[in-house]
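Input: a single structure, listed below in structure tokens.
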Amino acid sequence: MEYKEVLVYSNVKVQDDIYVLSLEIEDDVRAGQFYMLKAWEEEPILARPISVHSSENGIVKFAYQVKGRGTKILSSLKAEDKVYVLGPVGNGLYTEKFKGKIALISGGIGIAPMLQIAKGLEGEVDLYAGFNKSPYLIDEFKKYCKNIHIASERDTAYYRGFITEIFNPFEYNIVICCGPEPMMKRVVDMCKIYATPVYVLMENKMACGVGACLGCTCNTKEGKKRVCVDGPVFKGTDVVFSA
Amino acid sequence: MEYKEVLVYSNVKVQDDIYVLSLEIEDDVRAGQFYMLKAWEEEPILARPISVHSSENGIVKFAYQVKGRGTKILSSLKAEDKVYVLGPVGNGLYTEKFKGKIALISGGIGIAPMLQIAKGLEGEVDLYAGFNKSPYLIDEFKKYCKNIHIASERDTAYYRGFITEIFNPFEYNIVICCGPEPMMKRVVDMCKIYATPVYVLMENKMACGVGACLGCTCNTKEGKKRVCVDGPVFKGTDVVFSA
Amino acid sequence: MWFSVLNVKFCGVDFKNPVLVASGTFGFGVEYDGIIDITRLGGLITKGLTLNKKEGNEGVRIHEVRGGMLNSIGLQNPGIDEFIEKHLQRMKEFKVPIIVNLGGSSIEDYVKGAEILDKTEIDMIELNISCPNVKEGGMNFGIKSSIAKEVVNRVREVTKKPIMVKLSPNAEDIVDMAVKCVEAGADAISLVNTFKGMAVDIYKRKPVFNNIFAGYSGPAIKPIALRMVYEVSKAVDVPVCGLGGIVDYKDAIEFIMAGAYLIQIGTANFINPRASIEIIEGIEKFMIEQNIKSLDEIRGII
Amino acid sequence: MWFSVLNVKFCGVDFKNPVLVASGTFGFGVEYDGIIDITRLGGLITKGLTLNKKEGNEGVRIHEVRGGMLNSIGLQNPGIDEFIEKHLQRMKEFKVPIIVNLGGSSIEDYVKGAEILDKTEIDMIELNISCPNVKEGGMNFGIKSSIAKEVVNRVREVTKKPIMVKLSPNAEDIVDMAVKCVEAGADAISLVNTFKGMAVDIYKRKPVFNNIFAGYSGPAIKPIALRMVYEVSKAVDVPVCGLGGIVDYKDAIEFIMAGAYLIQIGTANFINPRASIEIIEGIEKFMIEQNIKSLDEIRGII
Ligand SMILES: Cc1cc2nc3c(=O)[nH]c(=O)nc-3n(C[C@H](O)[C@H](O)[C@H](O)COP(=O)(O)OP(=O)(O)OC[C@H]3O[C@@H](n4cnc5c(N)ncnc54)[C@H](O)[C@@H]3O)c2cc1C
Ligand SMILES: Cc1cc2nc3c(=O)[nH]c(=O)nc-3n(C[C@H](O)[C@H](O)[C@H](O)COP(=O)(O)OP(=O)(O)OC[C@H]3O[C@@H](n4cnc5c(N)ncnc54)[C@H](O)[C@@H]3O)c2cc1C
Ligand SMILES: Cc1cc2nc3c(=O)[nH]c(=O)nc-3n(C[C@H](O)[C@H](O)[C@H](O)COP(=O)(O)O)c2cc1C
Ligand SMILES: Cc1cc2nc3c(=O)[nH]c(=O)nc-3n(C[C@H](O)[C@H](O)[C@H](O)COP(=O)(O)O)c2cc1C
Ligand code: FES
Ligand code: FES
């Protein structure tokens, strides 16, 4: 993990409030890891954790949704602008160890880390992506996934409803999930029935991003764990969901 | 006085840390008045008072020196950017009333308000401008001034020393001065000897810019006066200088 | 569509909305005339007035810092008589409740000031107990509840106007202070005044302010001010007027949910002269969006 | 050229520069290993430790606001024994003074904790009296000087390690608090801990934090923290360690001119992980530019 100033290579709007930011970063990155990004001087005071969307040839890409003050500033970045980065942070996934049929399940911008995960997996990978409105960031997955299932609560071109309604854990050897907590809880509960191993990418507000502040903990069977450095990837069955 | 959002017409660097910002403002402005400018959302919290350098055809120009946080942000503005303006603020000078030989004396960026003043004067106007290093903003004055005297503490192409050393109040009917307080005090003292009427443009930190906070007062013979609305122009002999 | 109402009855006075402007940040109102529509405000609070005219402090009076500002105006004001003569009528023309912020450097000052104000057409007195008490060596009236209690008691005796006591956040125990002021006859409590802060000019190697200390205000103080408003609202049964760092309607709603009947906009007037108006509009919009018919539904909900 | 020295002797311990990292913001040091060169720091202060392991608070633990943040970690820590077993040796490898921040929810906790620490190789104890006192119904030990005095007294009896008492800015009277702690045997005073603040989630209509209140830190608190450091420095004759909102070298110099021997960097570590190093470099540069040979020349100059 390193703290440094890097340059923006590009920052592209892919849809409404969804952007892909490419930064000139030469790090060795594991799928599921993230960076603390800060592209401002005074306000807001804290950096923002954003997952690696993909990492290749000295460019790390981040896919993000504009939510508030920080991501709004990110969305205004242009090539050559400076960004402070701290990372790569987190345990990430040792994707090379996973074999067999693998399901990636995402809700909303939870799709962001899935690309780098899909790229590293050797087995047969299916993507299940749920969205509120229209889907985004799907195209790139076609190279790495066998089947792509899309659900949307509002876009009638796709399955109308929650993605969990069209996913069956029985068909898979491993499930990896990233999205809102209630959705991850649902997926974990479904996987438990068939004893399918499931990994979740947890989220929480973060201050330090290095494991020092204890602000980002989540509850697990072995007590409180820091999402930033003990996670963000946890075994689904270890997490004690709050919802 | 009005509070509104206006657009940047242009923002030009004229030298090192000196810029001229042109804003699309349609107001009736008196020479010596200023605006409270704010081109940022959160930090710094307060607007910055900047004098009208000139006003013509719906464009108000501001000449400013980069000093700290606020003026640094101003210097990064580009055409079409938005700026919050409150103004025009202050008593200003009723230049049309002034007749005869008039001396404008400036120190450093104190030259900024002098252009609009020179433009409004009908008498014979001489400019005395003192600088630390090289002079700036001088060219425009050639149209409105008969003689231009320049002093610099460091640029050997000009009189080497303080501008007050080459100025004689005896030659003038009216003197108008803007610059660092010690310089204004010196000019006022010199004018007293010959009873030459002298006006000074005072400066102070400002919060409201409308006369409400009482943060910007200066001492005068009639007690404390607000620089923002009772000034910034004062009769030199009324001011009780602190230095 | 829902119909939301913003009006608040507070100490018998009708406020058409809960958004007032704080003492010392809005002069006597007229300074902002033409810049915003003052008749839309919930009410006006005057610059702090003292029995006699005061020139205020020498030296630097304002200093900006991250998220806020320090001020050391020193209660410069024309005195109560000149206020009544020259400013009150003009203020009344805005047709909103007028609250006079009353300061003093001795109990007698407060009492005489209140006696004069009692005979005017003002709607309420906001008793500013953050003034340095000359008899007690300059310590604020607002630090120790026993001293504050005495001031309130004495002022209570001489006026029938509603008295809102404005607490200093520097009080030793803000809840006890509020309780004591109510016991002494306060009809309402407002809080907070500025925090005692300071700044150093590292190049001059001197404090920025002649008086060393100055009053800290602005968005930076909000989390502490909000906490105090919450604690005091729970502890007293008179209505509370909350302020301290409110810059947008979300801040305002936080204070209302923490228990405030009215709120005041101070430093935000400098940050954005339209802040108070935008806050009124923002509260209204929030209430409509959230199907809230009256502020009673959310006030003190936490 | 001038030669400036940054070293400070404080309670008999040699610090090569006055810049320490504050408790709870730097873990046990190792978390920042590789990100900055920890051996360059003046010293390390551990996360607050209690006699027994603590899981800390449920719910939201951090919330960002303008100019600062609120935290409600709830003293999550592995307990003193596990600290000594698993973390202390690794911390010592950074070759800088190690200060343990000691908390407790009863006087017995503090005393037992200090007894154990007394036998270790740590350089100093920072007594964190901002912990909720379970016997007094959760009110902090740090509010009333009489209670703080008792804790310090009792801890003093069981250890020869230098004791630095860390004051809460929520103390009723910060100067009296400092004086009483020194009377009770404190070798030094550090201040400030976090301010009691709060935030409301206006959409959920609930406080953001499960405990309602949380600790406020960051640049926003600086003017108040600085004022308290100044007041305490003038009032006690033991050395003072200043903190609260320091983000750059200029802030640090302000605290030193206000009287601080050492300073601590807290929230700024999150804002910029290199903050502590940049502050050391900045102080050095300032001293050279201003021809200051030693911190003794400017410390407490105002
Ligand atoms: C490990 C990790 C990886 C992440 N990866 C991505 C990603 O790849 N793409 C992406 O778009 N987002 C990602 N996020 C979420 C992202 O960090 C937040 O959306 C962002 O911090 C919001 O910042 P803001 O300033 O725009 O919003 P704010 O103004 O700070 O807040 C807007 C809303 O978001 C909530 N929020 C703030 N911070 C967080 C947070 N850290 N986690 C969850 N909610 C938060 C706030 O409570 C508020 O409701 C990730 C979060 C974590 C912890
Ligand atoms: C009526 C009036 C008219 C002015 N006209 C001009 C102008 O035409 N061109 C121009 O370049 N400047 C002008 N100034 C000065 C200008 O307002 C300040 O230089 C500016 O506010 C500094 O802001 P900053 O954020 O860049 O610096 P800061 O970071 O705020 O401060 C940098 C330094 O400037 C000092 N400073 C801050 N505010 C003021 C202030 N209001 N007056 C004096 N010193 C201050 C600070 O104490 C500090 O030493 C005028 C000031 C006044 C009061
Ligand atoms: C420049 C200035 C002058 C003030 N003068 C007074 C005053 O005369 N009387 C008073 O009670 N409060 C005075 N205050 C305090 C404000 O009314 C308010 O209590 C404080 O600023 C906190 O609110 P804010 O953070 O919204 O500004 C003053 C504040 C400022 C910034
Ligand atoms: C996340 C976090 C955890 C903290 N934990 C502790 C602690 O365990 N013990 C303690 O004495 N202070 C603790 N503090 C307070 C800091 O040490 C410091 O006193 C405070 O944050 C003010 O300084 P700052 O503004 O530089 O952060 C903590 C602060 C933060 C932000
Ligand atoms: S963000 Fe600080 S411990 Fe995880
Ligand atoms: S700036 Fe507020 S009175 Fe002049």
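Here is the naming used below: chain letters follow the sequence lines, and residue numbers restart at 1 for every chain.
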>> Please classify the contact between C:V65 and chain B as side chain, backbone, both or neither, with a heavy-atom cut-off of under 4.5 Å.
In response: backbone
> So do the side chains of B:F162 and B:E153 get within less than 4.5 Å of each other, counting heavy atoms only?
Replying inline: yes
> Any salt bridge between C:E254 and C:K222, counting N to O under 4.0 Å?
Replying inline: yes
>> Atom NZ of residue position B:K224 - does it have more than 12 heavy atoms of other residues, nucleotides or ligands inside 6.0 Å?
In response: yes
> Between B:Y64 and B:Y19, what is the ring plane arrangement, given parallel below 30°, perpendicular above 60°, and tilted in between?
Replying inline: parallel
> Most heavy-atom pairs under 4.5 angstrom with chain C, which of B:G223, B:C213, B:C216?
Replying inline: B:C213
>> Is B:K205 close to chain C through its backbone or its side chain, or both, or neither, when contacts mean heavy atoms under 4.5 Å?
In response: both
>> C:K250: which residues meet the side-chain contact (heavy atoms from CB on, under 4.5 Å) condition with it, sequence neighbours left out?
In response: C:D248, D:I202, D:Y203
>> Under 4.5 Å from any heavy atom of chain B, what part of C:T267 do you find: side chain, backbone, both or neither?
In response: side chain
> When only heavy atoms count and the cut-off is under 4.5 Å, which of residues 21-28 of chain C reach chain B?
Replying inline: C:G24, C:T25, C:F26, C:G27
>> Holding to side chain to side chain donor-acceptor pair (under 3.5 Å), I want the full list of residues that pass it with C:E85, two or more places apart in sequence or in another chain.
In response: none
> Side chain, backbone, both or neither: which part of B:M36 has an atom under 4.5 Å from a heavy atom of chain C?
Replying inline: neither
> With sequence neighbours left out, what residues match C:R90 under side chain to side chain donor-acceptor pair (under 3.5 Å)?
Replying inline: C:D33, C:E93
> Looking only at heavy atoms, which two atoms of C:L41 and C:L44 are closest? And how far apart?
Replying inline: CD1-CD2, 3.8 Å
